[in-house]
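Taking it in order: structure first as structure tokens, then the write-up.
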2 protein chains.
Amino acid sequence: MRKTVVARVPEPSAAVPPGTEAGAPVRASGIGPVQDDPASESLTERVYRELRLRLVTGRIAPGATLSSRGLAQELDVSPMPVREAVGRLVAESALEVHSKRYICVPAMTRARFQDLLHCRLLLEPEAARLALPFIEPAHLRLLVEADERLSASLVGGDAQKYMQSNFDFHFLIYGARAQLTMLHLIETLWLQFGPWMRVVYGRVGTAHLLDRHKQALQAIREADAEALAKAIHDDIAEGMGLIGLTGLDP
Amino acid sequence: MRKTVVARVPEPSAAVPPGTEAGAPVRASGIGPVQDDPASESLTERVYRELRLRLVTGRIAPGATLSSRGLAQELDVSPMPVREAVGRLVAESALEVHSKRYICVPAMTRARFQDLLHCRLLLEPEAARLALPFIEPAHLRLLVEADERLSASLVGGDAQKYMQSNFDFHFLIYGARAQLTMLHLIETLWLQFGPWMRVVYGRVGTAHLLDRHKQALQAIREADAEALAKAIHDDIAEGMGLIGLTGLDP
DNA sequence: GTCTTTCAGGTGTGATCGCACCATGCGCAA
DNA sequence: TTGCGCATGGTGCGATCACACCTGAAAGAC
């Protein structure tokens with residue numbers, strides 16, 4: 001998911017207003033949207049962020065088919081915000097609408113996968129390299145915590161928590177330096193391979209990824225940009241390699 | 001005002017029963033790229049592409065404010081497809097909605113500009129390098145034509161044609177190899193700096209960009225990947241430098 | 001004349017309705 | 001029992017209406 005649009009609205013992350021959320025399901029009775037809480041983001045935005053989260057954490061399986069009305073009911077909004085949110089994700093190649101019939105995750109071809117991998121290897125090590133000087137002790141602490149959550153999720157068998165922790169780990173690094181454009185590009189990539197990343201979890205070799213994270217942490221402590229870039233590079237290459245092993249479509 | 005279903009089903013005049021129709025387009029089983037018949041793209045798609053074109057060719061000025069209803073009237077569609085298209089562009093950071101009041105091009109800060117430039121320099125030379133082996137004589141011919149159109153537009157004083165030709169030139173190179181993901185990322189970047197690129201036109205130094213294009217063409221003829229990457233790199237750096245010279249917001 | 005107030009118009013957002021399309025399945029006929 | 005045809009339900013897309021909000025300028029008060 002998107003990391004707090006720093007330069008825009010100072011509005012708090014809105015990550016956890018479940019209380020108000022439950023109280024204000026505008027799901028009105030015929031009459032207007034009411035929308036009395038001006039601080040709240042738009043419904044479209046909320047749905048958009050929720051779907052992004054689900055994609056990045058692999059909660060939307062590649063084969064599954066979605067529908068705007070179905071999602072609307074599930075998220076307790078009208079189909080309208082869902083339609084808009086889905087449209088945005090379609091523009092980002094994160095979803096696809098097939099012949100105006102159903103919504104699903106785009107197929108993964110070998111060529112597309114290589115393309116995706118190439119882009120990641122181009123952007124992410126560089127993003128990490130650039131961000132390194134901006135990683136402060138507080139940041140490092142968060143990184144270690146994310147890494148611990150990741151280890152725990154491997155032991156505990158919580159796939160979704162694993163995905164979330166992995167996402168947190170990477171974007172805590174990249175996001176240390178406020179380079180929104182590059183961050184956004186990388187997020188777009190994660191949106192696309194996220195659903196497929198799920199198969200990595202629990203696979204032989206997943207443990208290796210932990211080593212890469214350890215190497216990254218060590219590189220950060222030593223302020224060694226090259227070592228950090230290499231650790232990220234290897235983490236990506238190995239992780240994506242685990243996906244690539246499973247037979248792709250074509 | 002507009003009269004309804006224009007773009008929809010022109011007519012089934014050919015009287016082709018659905019059964020025989022299935023003969024031509026092999027309805028791919030299950031999921032696949034498929035690329036539904038381009039004949040009847042949705043209105044949203046049409047508006048989306050039109051707005052993208054306008055952004056990339058600098059036809060939407062940084063300062064200008066847009067409105068859904070205004071665009072709808074201008075493009076002769078209802079506000080609905082415009083709203084969706086704008087939403088997609090907002091997701092790509094190509095447009096912005098200010099406090100639910102008006103739509104405009106996002107402000108360009110120095111940091112954002114540097115970020116954008118950095119991403120371009122990371123992706124585009126590499127995209128060109130990768131595409132080089134796939135550039136065939138027919139492609140090269142198109143490239144030369146685009147370059148000639150670009151020169152002509154400088155003489156003729158047609159800013160929009162200049163922008164379009166420049167876009168064509170770059171994406172003819174990158175697109176020689178079908179790497180859709182990387183292409184999409186680069187397009188996202190162009191969408192963001194496009195409106196600001198306009199100020200480059202006619203500026204002192206614009207002629208230098210022509211030299212870079214000539215160098216690129218020569219590199220392609222000689223199949224020199226490094227030289228091509230360097231030409232693209234320099235072209236970007238100089239072109240963006242021309243933008244950077246003009247006082248940015250902060 | 002200047003300042004305050006109000007109101008009208010316009011905006012993005014959300015809800016609801018209608019349409020063309022397609023897949024599935026029930027019912028009728030062979 | 002087996003096969004075909006039509007009806008029904010569900011889909012995405014587009015249009016239209018309703019609402020909260022904000023801005024601009026005109027109208028009023030001093």
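Chain letters run A, B, ... following the sequence lines, proteins first and then strands; every chain starts at 1. Because the structure is a prediction, the values reported are computed rather than measured.
Toward the 5' end of DNA chain C, the nearer of the two residues A:R69 and A:R101, judged by each one's closest nucleotide, is A:R69. Closest-nucleotide positions on DNA chain D for A:M80 and A:G70 were compared, and the one nearer the 5' end corresponds to A:G70.
Within a 6.0 Å radius of CD in A:Q73, other residues, nucleotides and ligands contribute 12 heavy atoms or fewer.
With sequence neighbours left out, B:Y174 forms a ring pair (Phe, Tyr, Trp, His ring centres under 6.0 Å) with B:H170, B:F171.
OP1 or OP2 of D:dG12 sits under 4.0 Å from a side-chain N or O of A:S68. At the phosphate of C:dT11, OP1 or OP2 sits under 4.0 Å from a side-chain N or O atom of B:S67. Between A:S42 and C:dG12 there is no side-chain N or O to OP1 or OP2 distance below 4.0 Å. Within the structure, every side-chain polar atom (N or O) of A:T44 is placed at least 4.0 Å from both OP1 and OP2 of C:dT13.
For the pair A:Q73 CD and C:dT16 P, the interatomic distance rounds to 13 Å; values are reported in whole Å. C:dT13 atom P lies 12 Å from atom NE2 of B:H98, rounded to whole Å. In this structure, A:Y48 places its OH atom 19 Å from C1' of C:dG14, rounding to the nearest Å. Rounding to whole angstrom units, CZ of residue A:R46 and C1' of C:dT13 are separated by 14 Å.
Distance check: B:D168 CG to B:L142 CG gives 9.5 Å after rounding to the nearest 0.5 Å. Here the CG atom belonging to A:L51 is positioned 10.0 Å from the CZ atom belonging to A:R59, to the nearest 0.5 angstrom. Rounded to the nearest 0.5 angstrom, B:M182 CE and B:E187 CD are separated by 13.5 Å.
The listed nucleotides are C:dG18, D:dA15, C:dT11; the one nearest the side chain of B:L43 is D:dA15. Of the listed nucleotides (D:dG14, D:dC22, C:dG14), C:dG14 has the atom at the smallest distance from the side chain of A:S78. Comparing C:dT13, D:dG12, C:dG14 by their closest approach to the side chain of B:V97 singles out C:dT13.
Against DNA chain C, the stretch residues 82-95 of chain A makes no heavy-atom approach under 4.0 Å.
Between the side chains of B:H118 and A:E126, at least one donor N or O lies within less than 3.5 Å of an accepting N or O. Inspection of the A:Q192 and A:R112 side chains reveals an N or O donor paired with an N or O acceptor under 3.5 Å.
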